[in-house]
Amino acid sequence: MSIATNEHITVEKIKKSKLDQVDFDNLTFGKNFTDYMFECDYKDGKWQNPTIKPYGNLELSPATKVFHYGQAVFEGMKAYKDDQGEVFLFRPEDNFKRINISSKRMAIPEFPREFFFEALHTLVQLDKDWVQPGEGNSLYIRPFAMATEVGVSAAPSDEYKFMIIMAPAQAYYTGDVRVVIAEQFSRSADGGVGFAKAAGNYGAQFYPTNLAREKGFQQVIWTDAKEHKYLEEAGTMNVFFRIGDTLITAPTSDRILDGVTRKSVLKLAEHNGIKAEVRRIQVSELVEAAKNGTLKEIFGAGTAAVISPVSAFSYQETVYDIPKQEDSYAKRFKKELMDIQQNRADDPFGWRYPVA
Ligand SMILES: *Cc1c(COP(=O)(O)O)cnc(C)c1O
């Protein structure tokens, strides 16, 4: 095992790449991981020993706090390779800031900027061959942090682990998504952790999402916890509504995650002269628009699928189908975003970030 050190990070080299064992034409999202991972521990009041090493299992005590109290946060970002073999990230500064915003809410110490970016650069360089060029292909990057102190006392941990793992991903077509509008369950509440990418936010959504699945729907659109009157977000994606030719999305708040894709769509809308309103939108307004034919589109926006068009929604036992649009905003934003991400178009907003 050869050990090389760059500015802060120690690198332990793999003996042999697993690259030839991967079928890039048949990838299941998030199942195959690259050769390397990043690991850094928080101990004695500071983040230390940042290391890149061969991807592998962790050994943790069953009393490790994260298992008991869910003190954990994560991020999701992607790297893309263009036809010349250059690799780019998309707005990584936003992911860096956001993981520290999430960490603060979960009482996890802030992670240093230089470690985060040095880790990303080094990892992506080492695993560069895992990033496939071509339409929709990418390397999904998952930074996360968790409480690693051993002991089941209900107090914040004094030890943490920050890690980054990476998985090659294909253009992923979710198909048209059918959604249920939440009438009983809630994802987040005022003063809660809805704005944070906290692990437990996802755990809490699985049960209501399973109920929706049993009825033939794939996702839930969450409403405000107080009255279930306002449309908020899709849980792993922010959500947009097109009524007439106006795009509407809820404002971010302590209940709604500030998505990078969401803000990029809003910027592109402005750039394209599409009228966009960031305001609270009532379920009744959506139902009315569906009934009178002015509801043209609903789509989700998030890093994993970029844009996911919604084909129908269910509310109070009634299913409303959304007719296919010739001039679809969802399609247009998806193409424009992917063209920027994969370096096929100009980048007027400086969103591309070369890494390797
Ligand atoms: C990650 C996430 C999103 C999408 O954010 P992006 O930065 O666009 O990937 C939206 N909502 C929730 C709850 C999320 O966790």
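Read the numbers this way: they start at 1 and go in the same order the structure lists the ligands and their atoms.
The protein heavy atom nearest to atom 13 (C) of ligand 1 is Gly235 O, 3.0 Å. From the protein, the heavy atom lying nearest to atom 15 (O) of ligand 1 is Tyr202 OH, 2.2 Å. For atom 9 (O) of ligand 1, the nearest non-hydrogen atom of the protein is Thr303 OG1, 2.6 Å. Of all protein heavy atoms, the one lying nearest to atom 2 (C) of ligand 1 is Lys197 NZ, 2.5 Å. With respect to atom 5 (O) of ligand 1, the closest heavy atom belonging to the protein is Gly259 CA, 3.5 Å.
The residue among Thr236, Thr252, Thr261 with a heavy atom at the shortest distance from atom 8 (O) of ligand 1 is Thr261. Taking only non-hydrogen atoms, the option from Val260, Asp94, Val306 nearest to atom 6 (P) of ligand 1 is Val260.
No donor-acceptor pair closer than 3.5 Å links the side chain of Asp83 to the backbone N or O of Pro133. Distance alone, capped at 3.5 Å, places no donor-acceptor pair between the Glu297 side chain and the Pro309 backbone.
For the pair Met77 and ligand 1, no heavy-atom separation below 4.0 Å is found. Within the structure, the closest approach of Arg98 to ligand 1 falls below 4.0 Å when heavy atoms are considered.
When each of Tyr353, Trp351, Phe349 is tested with Phe90 by the rule ring-ring contact (aromatic ring centres under 6.0 Å, His included), just one qualifies, namely Trp351.
Atoms of ligand 1 found under 4.0 Å from any heavy atom of Glu233 (numbered from 1 in listed order, with element): 10 (C), 11 (N), 12 (C), 13 (C).
Proximity of Asn95 to ligand 1, defined as any heavy-atom pair under 4.0 Å, is not found for any part of the residue.
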